[in-house]
Amino acid sequence: MSGASELRLHCAARSSCVAPVRHALRAFLEALGFDARSLDDVTTAAGEALANAVEHAYGTESARDAGVELLARFDGDRLAVDVADRGSFKKRPPLPGRGFGLRIVRAVARQIRIETADGTRVKMQFPGPYQKR
Amino acid sequence: MSGASELRLHCAARSSCVAPVRHALRAFLEALGFDARSLDDVTTAAGEALANAVEHAYGTESARDAGVELLARFDGDRLAVDVADRGSFKKRPPLPGRGFGLRIVRAVARQIRIETADGTRVKMQFPGPYQKR
Amino acid sequence: MNGDDGIQRIRLTGELEISRKREIRDAFGIVPGAKAALVDLAEVTYADSTALTELLRFCVTAQRDGIPIAVVIRTQQFARLVQYAGLANAFRIFEEPGEALAYLNECVDA
Amino acid sequence: MNGDDGIQRIRLTGELEISRKREIRDAFGIVPGAKAALVDLAEVTYADSTALTELLRFCVTAQRDGIPIAVVIRTQQFARLVQYAGLANAFRIFEEPGEALAYLNECVDA
Ligand SMILES: Nc1ncnc2c1ncn2[C@@H]1O[C@H](COP(=O)(O)OP(=O)(O)O)[C@@H](O)[C@H]1O
Ligand SMILES: Nc1ncnc2c1ncn2[C@@H]1O[C@H](COP(=O)(O)OP(=O)(O)O)[C@@H](O)[C@H]1O
């Protein structure tokens with residue numbers, strides 16, 4: 001027994017997988033006693049990062065099986081959520097009327113870092129306090 | 001990205017915590033694509049082990065804060081679920097009309113081992129295949 | 001008693017688990033004058049051994065007092081839980097309240 | 001068109017997210033003859049940027065064509081999403097369909 005709580009979920013990078021992973025994250029945070037606003041914000045941000053992995057990471061259908069991983073870690077104080085894929089980050093100028101995903105993540109998270117050395121890893125930290133009990 | 005999926009949830013050993021932890025386990029398994037029967041069986045077994053930690057592990061109210069931990073691990077093939085507390089296992093003859101908890105766990109799990117060296121750890125393994133997709 | 005047929009109705013819904021132990025126990029009691037009891041758990045979405053223990057306690061007491069009991073269970077999780085606990089023959093289980101009532105009426109008339 | 005007031009109704013419910021992208025896109029289209037459109041998202045329980053992108057595309061096109069749009073959003077998650085995306089002023093948002101309709105009727109009459 002370590003005291004920290006962790007959720008690590010590995011799934012195929014398909015659009016049908018995003019909602020179930022998001023629901024699992026929500027239920028995980030609910031079990032930790034997070035308040036409604038935090039539940040919404042954290043799952044919203046994670047949902048955007050997951051959707052990006054599904055939309056942008058992989059060039060071919062079969063490559064999607066390399067998957068996407070959600071990692072949420074709560075040490076009783078700070079919540080960190082990573083979303084990682086094995087694809088390649090697509091640096092490009094934002095299309096008009098798009099590009100809301102990362103903007104939303106930035107609005108919600110206290111800190112976001114995107115590592116693109118080996119696939120893409122979006123590392124988010126969320127401001128506390130978030131627990132209701 | 002490791003490929004394996006894991007849920008580790010640490011909560012106070014109170015009866016109000018059992019359902020949220022069970023719901024988180026269910027959502028975790030749903031995200032992994034488990035079928036309805038497996039979802040029911042695994043959460044039923046885990047629910048019994050969690051309830052036992054709440055009911056039997058700790059002698060005093062304040063000791064409950066040492067908590068209970070659920071650990072579920074799926075490697076794409078085998079599912080293992082541990083429920084651990086920091087209390088003391090109570091060996092005693094079964095009361096009449098009670099003692100259903102561990103019997104239910106045994107009926108569901110392919111294998112169960114109870115370690116009582118340092119608190120109680122109920123280690124359950126579940127038979128596969130459990131995934132619908 | 002919810003009807004004038006002498007059959008007491010007990011109805012519980014949702015998740016019957018450890019955090020509702022007291023409520024479950026309080027719900028399971030025979031009212032004076034009841035000739036039989038229908039335990040309607042059709043809308044229970046999840047049950048654990050806490051619920052089973054209270055249900056069994058109730059059924060044993062009632063049967064000792066000669067009061068027939070019928071239990072309605074519809075959820076598969078709950079039906080399997082009863083099997084896993086080895087209680088499939090400890091009380092009469094029905095899937096429909098109508099069937100349970102017919103059974104109890106027969107018991108009461110006999 | 002669901003009424004005879006010339007106001008088109010578009011209603012989506014549940015979780016508006018990436019797996020429903022196609023359905024969301026298909027729902028957002030102005031029917032011939034519509035003088036205004038009411039986008040009723042009151043019963044959306046969750047929305048992501050996929051939904052926002054489609055909604056924005058629809059509103060921009062409609063406004064270019066001089067067709068007033070009113071969007072009903074009630075869920076807090078969705079309302080905050082719009083804020084986070086910086087779209088609070090991109091379309092008219094109402095909490096009640098009645099208010100949205102009143103606004104559109106005014107636009108159409110004016
Ligand atoms: N996981 C990822 N893999 C590859 N590229 C990504 C990933 N996440 C984001 N990007 C890149 O960052 C851009 C901005 O993402 P975002 O703000 O979510 O907007 P949108 O998805 O609408 O383009 C994407 O268009 C894409 O080029
Ligand atoms: N986590 C635990 N800590 C202490 N004792 C336990 C624990 N789990 C089980 N036990 C012991 O095992 C017994 C049997 O448990 P169980 O089969 O679930 O039936 P019941 O909870 O109805 O007694 C309990 O009565 C208790 O003495």
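Side chains are part of it too, since the values below use all heavy atoms of this structure and drop only hydrogens, waters and symmetry mates. By convention in this document, chain letters (A, B, ...) are assigned in the order of the sequence lines, proteins followed by strands, and residues within each chain are numbered from 1.
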**Request:** Would you name the heavy atoms of B/H23 and A/A27 that are closest together and state the gap between them?
**Result:**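 Smallest interatomic distance, heavy atoms only, reads O-CB, 4.0 Å.
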
**Request:** For A/A4 and B/H10, work out which heavy atoms get closest and say how close.
**Result:**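 Closest approach of A/A4 to B/H10, heavy atoms only: O-CB, 4.3 Å.
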
**Request:** Examine whether an atom of B/A66 lies under 4.5 Å from a heavy atom of chain A, and if so say whether it belongs to the side chain, the backbone or both; otherwise answer neither.
**Result:**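 Contact with chain A is through the backbone of B/A66 alone.
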
**Prompt:** What part of B/R121 gets closer than 4.5 Å to chain A, counting heavy atoms only: side chain, backbone, both or neither?
**Reply:** side chain

**Item:** Among A/L7, A/L25, A/V21, the one residue meeting side chain to side chain contact (heavy atoms under 4.5 Å, CB included) with B/F28
**Value:** A/L7

**Prompt:** Roughly how far, to the nearest 0.5 Å, is CD of B/E6 from CG of A/L9?
**Reply:** 10.5 Å

**Request:** With rounding to the nearest 0.5 Å, note down the distance linking CZ in A/F74 to CZ in B/R8.
**Result:** 15.5 Å

**Prompt:** With sequence neighbours left out, what residues match B/T60 under side-chain contact (heavy atoms from CB on, under 4.5 Å)?
**Reply:**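 B/T60: side-chain contact (heavy atoms from CB on, under 4.5 Å) contacts with B/S62, B/A63.
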
**Listed partners of A/D85 passing side-chain contact (heavy atoms from CB on, under 4.5 Å), at least two apart** =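 If we apply the side-chain contact (heavy atoms from CB on, under 4.5 Å) test to A/D85, skipping adjacent residues, the hits are A/A53, A/A57, A/Y58, A/T120.
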
**Prompt:** Do the side chains of A/E30 and B/P20 get nearer than 4.5 Å, heavy atoms only?
**Reply:**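 No, every pair of side-chain atoms sits at 4.5 Å or beyond.
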
